[in-house]
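Some notes on the structure that comes next.
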Protein chains: 2
Amino acid sequence: MSKQLPLAAVDACCSPLAREPLTAGQAVDLARLFKAMSDPVRLRLLSLIASHDGGEACVCDLADAFDLSQPTISHHLKVLRESGLITGERRGTWVYYRVHPEVLARLSAVLVAGEPPVVTA
Amino acid sequence: MSKQLPLAAVDACCSPLAREPLTAGQAVDLARLFKAMSDPVRLRLLSLIASHDGGEACVCDLADAFDLSQPTISHHLKVLRESGLITGERRGTWVYYRVHPEVLARLSAVLVAGEPPVVTA
DNA sequence: TGTCAACATAGACGTATGTCAAAACAGTTG
DNA sequence: CAACTGTTTTGACATACGTCTATGTTGACA
């Protein structure tokens, strides 16, 4: 397993988009995250992982959901991993991925100028 | 001014990412929006527009904030416009842009599995 | 009408991205 | 150890993207 990034954008950012202009640095950090989510396959991977039983899924589960080669799925998982949106852990033969919900929450908060959402689940 | 798109993702999407897997179609629509926000310049434009007095800004205001050519700014505004995140209106010599807050709110809601945020401002 | 200012479009160029096949790596099990 | 399964890495390729300069287009105004 390769490096897990320091989750820059989680710590760094930010007051909501519409409240005050983003700094150049904040924009770079946020753009990195949105870029990781700018591919349909990666969004579905994210969703599959997040909604999977136990909050985690192995690559074998994920790859079956697509009509793409397994290395391609692995590539997309790497992009998500390096963006800080997910983490992967090897257990035996399989690698299990889970999302970092704080990162999603932070992104969500940047998009609206309101009170933070009340998480029910 | 060119076509304003039908804001597909606003109507279409969706229950939160982590609640159930996105369909391929939902993922495509969402990815289009996230891709529009995957560039630092476009994020800053979005933020500048949204946080500007009256909720709108003309291109002249926006272009000054960057060290980029005016056509490049115009290109980024077009990307944002075609994604449905902003709209542009010509008034006299100037073109004023404003954001579609519903689209941002919808995106925000997709990212978290909680109650919708209470908008204060 | 002509000219100027604001903004958009067209075309070109280098770089980044998504995909695959092939090869490498890691763990399990015989 | 060898063989096998699950996963990642590498290298190649076509396409998409961000940026620029040059050119159009639109509206104001003398």
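Proteins come first, then strands; the chains are lettered A, B, ... in the order of their sequence lines, and each starts at number 1. Just so you know, these numbers come straight off a predicted model, no measurement behind them.
- Listed by first and then second residue, the disulfide (SG to SG under 2.5 Å) pairs that reach into residues 71-113 of chain B come to none, sequence neighbours excluded.
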For a quick test of your reading: what N or O donor-acceptor pairs under 3.5 Å do the side chains of residues 64-73 of chain B make, sequence neighbours left out?
unit_1	atom_1	unit_2	atom_2	d
S69(B)	OG	T72(B)	N	3.3
S69(B)	OG	T72(B)	OG1	2.9

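- With sequence neighbours excluded, no residue satisfies side chain to side chain donor-acceptor pair (under 3.5 Å) with S74(B).
- Residue L22(A) comes nearest to C14(A) through the heavy atom pair CD2-SG, 3.7 Å, listed as atom of the first residue, atom of the second, then distance.
- If you measure from atom CD of E82(A) to atom P of dA16(C), you get 15 Å, rounded to the nearest angstrom.
- Between the CG atom of L62(B) and the P atom of dA8(C) there is a distance of 10 Å, given to the nearest Å.
- R32(A) places its CZ atom 13 Å from the P atom of dA16(C), with the value rounded to the nearest Å.
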task: For each nucleotide in nucleotides 24-30 of chain D, reading 5' to 3', give B when a protein heavy atom comes within less than 4.0 Å of its base, S when such contact involves only the sugar-phosphate, and - otherwise.
output: --BSS--

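- Between I49(B) atom CD1 and dC7(C) atom P the separation is 12 Å, expressed in whole Å.
- For the pair I73(A) CD1 and dA21(C) C1', the computed distance is 16 Å after rounding to whole Å.
- The shortest non-hydrogen separation linking P40(A) to A27(B) is O-CB, 3.5 Å.
- Distance E89(B) CD to dA8(C) P: 13 Å, rounded to the nearest Å.
- Here K78(A) reaches the OP1 or OP2 of dT9(D): one of its side-chain N or O atoms lies under 4.0 Å away.
- Looking at every heavy atom in both residues, S38(B) comes nearest to S38(A) through CB-CB, 4.3 Å.
- In this structure, Y97(B) reaches the dA8(C) phosphate: one of its side-chain N or O atoms is under 4.0 Å from OP1 or OP2.
- Sorted by first and then second residue, the disulfide (SG to SG under 2.5 Å) pairs involving residues 28-103 of chain B (not counting sequence neighbours) are C58(B)-C60(B).
- In this structure, V59(A) is not a member of the same hydrophobic cluster as Y96(A), with clusters built from ILVMFWY side-chain heavy atoms closer than 4.5 Å.
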Using the 3.5 Å cut-off, write out each protein N or O paired with an N or O of nucleotides 15-22 of chain D and the distance between them.
unit_1	atom_1	unit_2	atom_2	d
dG18(D)	OP1	R42(B)	NH1	3.4
dG18(D)	OP1	R42(B)	NH2	3.0
dG18(D)	OP2	R42(B)	NH1	3.2
dT19(D)	OP2	H76(B)	NE2	2.2
dC20(D)	OP2	S69(B)	N	3.0
dC20(D)	OP2	S69(B)	OG	2.9
dC20(D)	OP2	T72(B)	OG1	2.6

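- Among the nucleotides dT9(C), dT9(D), dG6(D), the one closest to the side chain of W94(A) is dG6(D).
- A side-chain contact (heavy atoms from CB on, under 4.5 Å) with S83(A) is found for one member of V79(A), I86(A), L85(A) and no other, namely L85(A).
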